[in-house]
Amino acid sequence: MLAKQIDVARRSSVRPLPISYIIRIAQQCSCDVYIQSMGLRINAKDYNQMKRDWKPQSDRLVFFFNGADEVAAGDRLQKALEN
């Protein structure tokens with residue numbers, strides 16, 4: 001399992017980060033992708049769980065990746081969310 005902290009404050013866009021964007025990127029990965037938020041581990045591929053449970057508290061998000069392409073998935077999400 002790989003944990004990666006991503007700083008979304010570095011994004012060039014000032015618009016809020018839509019959950020559909022995170023879900024779409026996570027679904028392109030074959031590994032499991034979770035976001036740590038307020039003591040919960042949220043499945044980033046599950047729209048209903050993201051909508052219900054994800055309430056970002058800061059500009060830094062902690063993602064957990066578990067599976068064959070976890071390193072590539074972490075790099076892909078970091079590149080997409082920090083630009």
Side-chain angles (χ1 to χ4, degrees):
M1 181 172 283
L2 172 71
K4 186 168 235 172
Q5 182 172 310
I6 299 176
D7 186 2
V8 294
R10 295 176 56 188
R11 292 183 62 216
S12 57
S13 174
V14 294
R15 293 181 296 177
L17 188 63
I19 64 170
S20 61
Y21 185 63
I22 294 173
I23 294 167
R24 188 172 60 243
I25 294 169
Q27 288 177 340
Q28 294 171 357
C29 307
S30 62
C31 67
D32 296 327
V33 181
Y34 297 95
I35 301 174
Q36 185 75 32
S37 178
M38 296 175 48
L40 295 173
R41 200 169 274 188
I42 301 164
N43 183 348
K45 294 182 178 186
D46 184 341
Y47 175 79
N48 291 327
Q49 188 176 17
M50 288 282 289
K51 184 80 170 157
R52 179 186 62 236
D53 296 332
W54 189 54
K55 296 165 184 60
Q57 299 296 312
S58 71
D59 292 333
R60 289 188 171 90
L61 303 176
V62 179
F63 285 86
F64 292 90
F65 305 92
N66 189 22
D69 67 339
E70 60 190 26
V71 174
D75 292 342
R76 178 186 293 172
L77 257 168
Q78 184 168 19
K79 183 178 178 183
L81 297 179
E82 288 185 349
N83 292 325

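Sequential numbering from 1 along the given sequence is applied to the chain's residues.
Scanning both residues, Lys45 and Ile23, for their nearest heavy atoms gives O-CG2, 4.0 Å. Between Glu70 and Cys31, the shortest heavy-atom contact is CA-SG, 3.9 Å. For the pair Ile25 and Ala80, the tightest heavy-atom approach, listed with the atom from each and the gap, is CD1-CB, 3.4 Å.
Side chain of Asp69 to backbone of Cys29: no donor-acceptor contact under 3.5 angstrom is found.
Distance check, rounded to the nearest 0.5 Å: CD of Gln36 to CG of Leu61 gives 11.5 Å.
For the side-chain contact (heavy atoms from CB on, under 4.5 Å) with Trp54, the qualifying choice from Leu40, Ile22, Asn43 is Ile22, the only one to do so.
Hydrophobic clustering (side-chain heavy atoms under 4.5 Å, transitive across Ile, Leu, Val, Met, Phe, Trp, Tyr) groups Ile6 together with Val33. Linking Ile, Leu, Val, Met, Phe, Trp and Tyr whenever their side-chain heavy atoms come within less than 4.5 Å leaves Leu81 and Val62 in two separate clusters. Cluster annotation: Tyr47 is connected to Tyr21 through the hydrophobic network of ILVMFWY side chains, with a link wherever side-chain heavy atoms come within less than 4.5 Å. The cluster map of Ile, Leu, Val, Met, Phe, Trp and Tyr, joined by side-chain heavy atoms under 4.5 Å apart, puts Phe64 and Met50 in different clusters.
For the pair Leu77/Lys4, no side-chain contact is recorded, criterion being any heavy-atom separation below 4.5 Å from C-beta on. Looking at Asp32 and Tyr34, their side chains come closer than 4.5 Å, going by heavy atoms from C-beta outward.
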